[in-house]
Every structure is written in structure tokens, then in C-alpha cells.
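In what follows, chains carry the letters A, B, and so on, assigned in the order in which the sequence lines appear, proteins first and then strands, with residues in each chain numbered from 1.
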There are 2 protein chains.
Amino acid sequence: MPASGAASRQHTLRERNLRLVAAAVFEASAPPSRADVAAATGLTRATVSTLVDRLVAGGLVAELPPVAAQKAGRPAVPLVPAGRSVVGLGLEVNVDYLGVRVLDLVGDVVAERVVSGSLHDSDPREVLGRLRSLAADAIGEVEAGGMRVAGARLALPGLVDARGGRLEVAPNLGWSSLEPVPGLDLRAGDGSALDVEVSNEAKLAALAELAGDVPPSFLYVSGDVGVGAGIVVDRQLFLGERGWNGEIGHVVVDPAGPRCSCGATGCLEQYAGKEVLLRGAGLPVSAPVLSLVDLLRAGDDDALTTVRRGGRALGSALATFVNLVDVSTIVLGGAYTELFGWVGHVVAGVVEERALAAPFAPVDVRPAAAGPHAALTGGAREVLRSVVADPARWV
Amino acid sequence: MPASGAASRQHTLRERNLRLVAAAVFEASAPPSRADVAAATGLTRATVSTLVDRLVAGGLVAELPPVAAQKAGRPAVPLVPAGRSVVGLGLEVNVDYLGVRVLDLVGDVVAERVVSGSLHDSDPREVLGRLRSLAADAIGEVEAGGMRVAGARLALPGLVDARGGRLEVAPNLGWSSLEPVPGLDLRAGDGSALDVEVSNEAKLAALAELAGDVPPSFLYVSGDVGVGAGIVVDRQLFLGERGWNGEIGHVVVDPAGPRCSCGATGCLEQYAGKEVLLRGAGLPVSAPVLSLVDLLRAGDDDALTTVRRGGRALGSALATFVNLVDVSTIVLGGAYTELFGWVGHVVAGVVEERALAAPFAPVDVRPAAAGPHAALTGGAREVLRSVVADPARWV
DNA sequence: GCGTTTTGTTGTACGGCTGAACTATTGCGC
DNA sequence: GCGCAATAGTTCAGCCGTACAACAAAACGC
């Protein structure tokens, strides 16, 4: 006997309105007063007052000193997200580094640990052990500062089941068939187990873009050794059935092309993967992307040819992507961000030519705005988003 | 000052629980009693009683005569969706026919008008006028029977803006840049304007599958002159930014392939479009698909070669689709349903080979279960779904 | 035939929002 | 400098919808 959703009682009203008020405070362009929140939400000032008081008591919202506006009347108390109170953890294991980043509700980085080094064909137990101690260290630091850790998100470069938290395969790490969460076993200071979820790296990196000035729907492409993507529609990740979507790296660009490790021929990765681009420019596959940028700046022919070819292939795969999912903004992340000056217009040109909807709504191609290790930021933000989306659990 | 969602008041509780109770009655496998609904929803029997009474009074739910179970106790009153009470209209204009279908909440067809004939390069005003009179006729019939029309959905074979209801282009009709709803101007018997929304044909046809035994997430591919698709995740259409997704017909299968009307080369439509398949088998493009089936049954070489080639191309495009959106069920509709015996295993083989997730979750390829003119059924169902999703508006 | 069991209804209690009255605190005009 | 208007935030009675418990209805079974 299916029954989607749960029965609504009186306290359901509370939860929903608490969420509404929290959203009004967190999404406002300027710190709103209780009266502003009332106007924005449609609730009465009386109700808003009690709800805001609860959020303040729970440490999610803070009051700034009353500032007299130029208008007459009692000065309003501006409400802002509370900093250094509730924090979220972003974790990541990727091909060339692993790390932890802790964000508070303001969006400030309150702690961070990043360790570089190749993790190609690494031992999951050993690597997760190192990540665990990095995380424990960061948790200790922020809890010493009186903050509460709301949870964590782990980003991995592979197929991750969004519901079960299981990593099916991460080719570039050499990992397969494992459940990272029990191994991590993260705990808060009081010994209680921390809520940890696992996601694909490109998807969390996509969410990091939401911190900046990005439209509500976009496609984020993360160019690394593999090429992954995250689909964001109305500021929410679209995961498909299990979160195994966005595998753009294996879109077949040309069936007559080179063989790919996945078994097919002419996959996008064989044209626009990081290692292919570096090798095509005569660089070692472990070279930093910036060395490729140097060659491009210098006008190196091999580098320019390879990158243009990669850009055309990427554009072709993205046009297909746009035709299949319909988004009108494409954010180029990972290695493509630094290469944007050389691939951006190539990609945009091909997409404009091939996207069926382009004549009616042009597709905007832009570089990613989030800084390095975007998945760490995205993961931490996602934890905090869940806090704001259900404040009742935290007050 | 953004505020997603609206303020929740007491009557919001009512609305939500009313929806919950309606869902429990409509989605139950067997007619539930009030007590069953209470158990399924978590509400008390007292609350369920008042809510059910309201649904019965509003004509959405009907009571069957009490049937004594074999167990002791007062016999339960089985609750079922009310037939011939509130109905939804499905409308469609397609390349070779136009029509109206009226469904009630039970799922019965209570009225239908379908007119065949080529509408290639037709005049929108004239065609919509004909559709309008078909619809008005059907509306008159069901209203004479005492039914209330909740709204209508119009299916068109082209790019339709899901929010604005605007048709950007329908190449095979020769239509472009028009808003069909004002032209239709459908009215109920009392003169009030009927709520009409416009959608893409493949997407509404996809929703028709939900009436049958289909998993909650699947990809529906509609093979006609063009090849379109609908993405259903958790029984809901995924529309992307504006509903311009699923344009699988222009996935490039081979850049060295034949030129397509869209400007690219080697689009799926050039391998698996209905006209290409018919022509490849030596049939006129206006021939019915069944004549192609006859040739295939007879073992005609040209027909078999063409259809197998189309199947491989379709499989390749669908593998890309699956890698980008992640669904593990593919429903072949339109002309592909009749051709399933010849393309099904070809498609399944290619998808199995190319879908990255296939080793972890095999992809099921199956023929569509909804009958002919599936978009009519899907459109009508969609109207009724919105009624059940917000019963408060109808009681 | 009467206890048992299950269904559906009735009445009271309680929680949460509203609306109006009230307090607090400022700017402005004189 | 003082009163008045204006705006922010709080207090309290009223209302609404659900929960809980008691009750009525209608079967089964021994």
C-alpha cells in the first residue's frame, strides 16, 4: 500500500515554515529583518518572530546590531546566517590529491587539509585511512572552536550509487566495488557517528558553482583524466535513477576514432581527456595543466592543434548532451577552466551549430567560477544545504 | 527577496493530507477501506474519515457496497477512484492524424475522436480549428453525461516550451513559432475557459506507459518520422530547463554518415527514422509500418538489412543517452513497438556493450505497452494526475 | 446468543498560525 | 525639546485541523 510522503501534523507546519524562514534569511540579497522575512514569506510577524527565535537559539541564524534606517520607526534587527556555528565537511579522493574542507553557513572556509600526490592504482584502505585522519584532525580543530559538524560528503572520481553510497568503479584510482563510509567511520567529538554520503566528484563540483553567479540550471563538465559532468536543474542535482549519469567522457564522438579503455572507439576522453591533451602537446601525462597553458601561450603548434581538436570533440559531445537533457548554460570546470581561453570559443561554436534549441535560446559556455578542489566546496555546501532545508533537526 | 514555496497554514495541512489520502486510494493495488488508508498514511481513522468524506462528496472517490471479509468485525467499505465523474482530455496533432481522447479517473476511455490523414506542411489555424471542433464535440458528449472536464493536454511533434506553452518548431508538420492554446480556446459547458497545456508528443506518450507495469524510471523512445524521447524518473517527467530535452533523433551516430536536415551529418534519424526505414526496404514513405513488418516476416533482405542497421544506430544513441541520464529501462514506442521483434535484441545488444553501468545494472529494453495514439492517453492521464495531486481544488 | 474483533464516528485536548492590540524605538516638524 | 507618525517586534485570544480515547455498528465464531 504505497503512500508517498508522510502524514502532516501540526509540527509538520512548524518544520515547513521553519524551512521557509531559514530560506528567506539564507537566500536574501541583503540581511533581512523579521518584518522583511514576514513580508517575503507571507507569514505574520508574530509567527516569524517565534520561528526566527528558534533559529537563533539553534545557532543557524545570527542577529546583527540594530541599524537605524534613514526612515522613521524602530530600527530593524538584521538577520544573517550564523558563522562558526554549524559546519559541513567536504571530503575528496582524486587522482592526484586527497583532502578535507570545512565550511560554515556563511560560506567561509574554517578548516582545510589537502595533500597532493598520485593516487593512481592506490590501496583504498590505506588511502581512506589517511583521509580519515585528515578529517578527524579537521573535526577536532573546528569542534575545539565550539562548532558543530552537521555531516560530510565524500567525492570520488567514479560511478557512485547515490542511494546506497557504494562505489562501483573508479578506473583512474583503480578502485572498484567498495563501500567507503564504514571504512571512514567518522565520529564527532562526543563519539556519535557522523552522517557521511558519497557522491561523484563532478556532481559535487557542479554544486560548488551555485555559490557564485550562475543560472539555476546548467551543465557542469569536469575535465580531468576522465571527463565527468553534473546536471543541475533549478539549483538541484539531477541524478537519474542512481546517480550514474553525466558520463560524457564515453560519448562516442567518432566511431572511427581511437580505441578507448571502455571497449568502444572514439570516446570523448580519447580527444579531450587531460592525459590525451598533455601527451598531444608533447608533455608527460603527470605534468600540470599550467605547463600546457604555457605552451599554448607560446603558440606551440602541437599544443594548439591538440587542444582545438579536443575542444571540437567536447563541443560535439556537449551538443548531444544539450539535445538530450536541455540546459542552456555549460560550465567548463577542472582542467578546462584553465584552458578556457583556447577551448571556450571552439566548444561554443560547435554547440551553437549542433544544439537544436540554439536558434531559440543561445547556449552560454563559460569557465567555472569556483576555485581549486571545487568538489570539496560543493560537498561541504551540500551538507549545509541539507541543514537549511531541514532546520528543525538542528534547533 | 526570494521565498521558495508558500507559507503553511492550517488549511495547508488539509490540502496535503487530502492529497495523501487520495494517493493512497488511487495507488492502492486493491480497494482500501478507510482503516486501510489510515494504516497506510499514518493518519488516524478519525482524520481519514473526514478527508475521505470530502473526496467522496467531491466526486473523486466512490464507495463500493460493504463486503464482509472472512475475518470477524464490521465489514469495510472499499474505496475506489470514481468513474464518469471528473475527466481529463488528451489532444494530439501528429503527422498523420489528429484526435481527442477523454479518460476518467478509473482510466476508462469515455469518449474519443480520431481523424487520420496527412498533416505534412499543414496550416496550423485550419488544423487547430478542426481539433477544436473535435474537442468541443467530445466535451459536449461527456458533459451531457454529467462529467466535469478538469483540463486538457495537447501533444505536438516538436519543440514545445513547457512553461510558456509555445511551439517553437515542428518540422514534420511544417509549423513554427506559434501558441496553440489561444487558438484552440476550449471552453466548458458553462463557458469557463478550460485549462490547456502543450507538451511534446513523445513525453506524453511516455507518461501513458505509467498506466501499465513499468518501473518508476525509464526512457521512452518514440520512433516516427522524427525520433523523440521522454525521460521519466520516479514516475515524473524530467523536462530539463524548458522541456526541450530527449531530442535523440539528432544524436550523431557517425559523423561520416549522411547529411541530415538539421545541418549535421549522421544523425540517428538518418538511420532509424520511419521514412528512412521504409525507403530502405523499398516501400513508399507513406506506407504503414505494418507493411514493413510484412516484408521482415517474409525475410526480405533489404528490409532486414535496413532495420538491423537502424537498430544498431538506435542502440548506439541510446547507450549515449543512458550514460548521460542514467536509467536502466528503455521502452521502445511508436513504430519501434511493431518492429520490436527485429530491433529489440539489436538495440539491447549494443546498449549492453556500450552503457558503462551495464555491468552493475543490466539495461532492460522492452516494447511499449500503451496502445495506439499513446500521447492522447498520456495527456489525459496527466490532467487527471494533477487532479489527484491537488484534490483540494476539486472538492 | 454473546463475547470478540474490526470499522467507522463522536467529542475533547492540544499545537500552531492569525489578527489585533500593545510596547519599543526611531525620524521629523514645529 | 516635545509630540506625532512610522516601523519593528511581542503578547494574547480565537480558530482550525489533527490526535486520542471512548463509543456505536456490524460482522464472525463457538
Candidates dG19(C), dT7(C), dC17(C) - which lies nearest the side chain of Arg45(B): dT7(C)

Distance in angstrom units between Arg9(A) CZ and dA13(C) C1', rounded: 16 Å

Sugar-phosphate, base or nothing in reach of Arg14(A), heavy atoms under 4.0 Å: sugar-phosphate

Whole-Å distance separating the NE2 atom of His11(A) from the P atom of dC17(C): 12 Å

Residue list, side chain to side chain contact (heavy atoms under 4.5 Å, CB included) with Ser8(A), at least two apart or on another chain: Thr12(A), Leu13(B), Arg16(B), Asn17(B)

Degree of bending, the helix from dG8(C)-dC23(D) to dC30(C)-dG1(D) (end axes from five pairs; round to 10°): 0°

Asp108(B) side-chain N/O to Val110(B) backbone N/O, donor-acceptor pair under 3.5 Å: no

Residue list, ring pair (Phe, Tyr, Trp, His ring centres under 6.0 Å) with Phe238(B), at least two apart or on another chain: Phe238(A)

side-chain hydrogen bond (donor to acceptor under 3.5 Å, both in side chains) contacts touching residues 54-66 of chain B (sequence neighbours left out): Arg34(B)-Glu63(B)

Distance below 4.0 Å between Thr47(A) side-chain N/O and dT18(C) OP1 or OP2: yes

Could you list the protein-to-nucleotides 24-28 of chain C atom pairs, N/O on both sides, closer than 3.5 Å?
unit_1, atom_1, unit_2, atom_2, d
dT25(C), O2, Arg74(A), N, 3.0
dT26(C), O2, Gly73(A), N, 2.9

Residue pairs involving residues 384-395 of chain B (criterion salt bridge (charged side-chain N to carboxylate O under 4.0 Å, His left out); sequence neighbours excluded): Glu382(B)-Arg385(B)

Range on DNA chain D touched by chain A - first to last nucleotide, heavy-atom distance under 4.0 Å: dA6(D) to dA19(D)

Base dG16(C) paired with Gln10(A) side chain (donor-acceptor, <3.5 Å): no

Pairing residues for Glu241(B) by the side chain to side chain contact (heavy atoms under 4.5 Å, CB included) criterion, not counting sequence neighbours: Ser217(A), Asp326(A), Val327(A), Ser328(A)

For Val80(A), side chain to side chain contact (heavy atoms under 4.5 Å, CB included) partners two or more places apart: Pro31(A), Ala62(A), Leu64(A)

Touch class at under 4.0 angstrom, heavy-atom based, for Val77(B) against every strand present: sugar-phosphate

Residues forming a salt bridge (charged side-chain N to carboxylate O under 4.0 Å, His left out) with Arg187(A), sequence neighbours excluded: Asp185(A)

Sugar-phosphate only, base, or nothing, as touched by Ala7(A) at under 4.0 Å among non-hydrogen atoms: nothing

Qualifying residue for side chain to side chain contact (heavy atoms under 4.5 Å, CB included) with Val77(A), from Pro32(A), Pro66(A), Ser33(A): Pro66(A)

Under 3.5 Å: donor-acceptor pair, side chain of Thr41(B), backbone of Val37(B): yes

Residues in side chain to side chain contact (heavy atoms under 4.5 Å, CB included) contact with Ala72(B), at least two apart in sequence or another chain: none

Glu197(B) side chain to Gly165(B) backbone, donor-acceptor under 3.5 Å: no

Minimum heavy-atom distance Leu60(B)-Val387(B), with the two atoms named: CD2-CG1, 3.9 Å

Side-chain donor or acceptor of Thr50(B) paired with backbone N/O of Thr47(B) under 3.5 Å: yes

Between dG16(C) (P) and Arg16(B) (CZ): distance, integer Å: 16 Å

For DNA chain C, the residues among residues 50-67 of chain A that have a non-hydrogen atom under 4.0 Å from it: none

Sugar-phosphate only, base, or nothing, as touched by Ser33(B) at under 4.0 Å among non-hydrogen atoms: sugar-phosphate

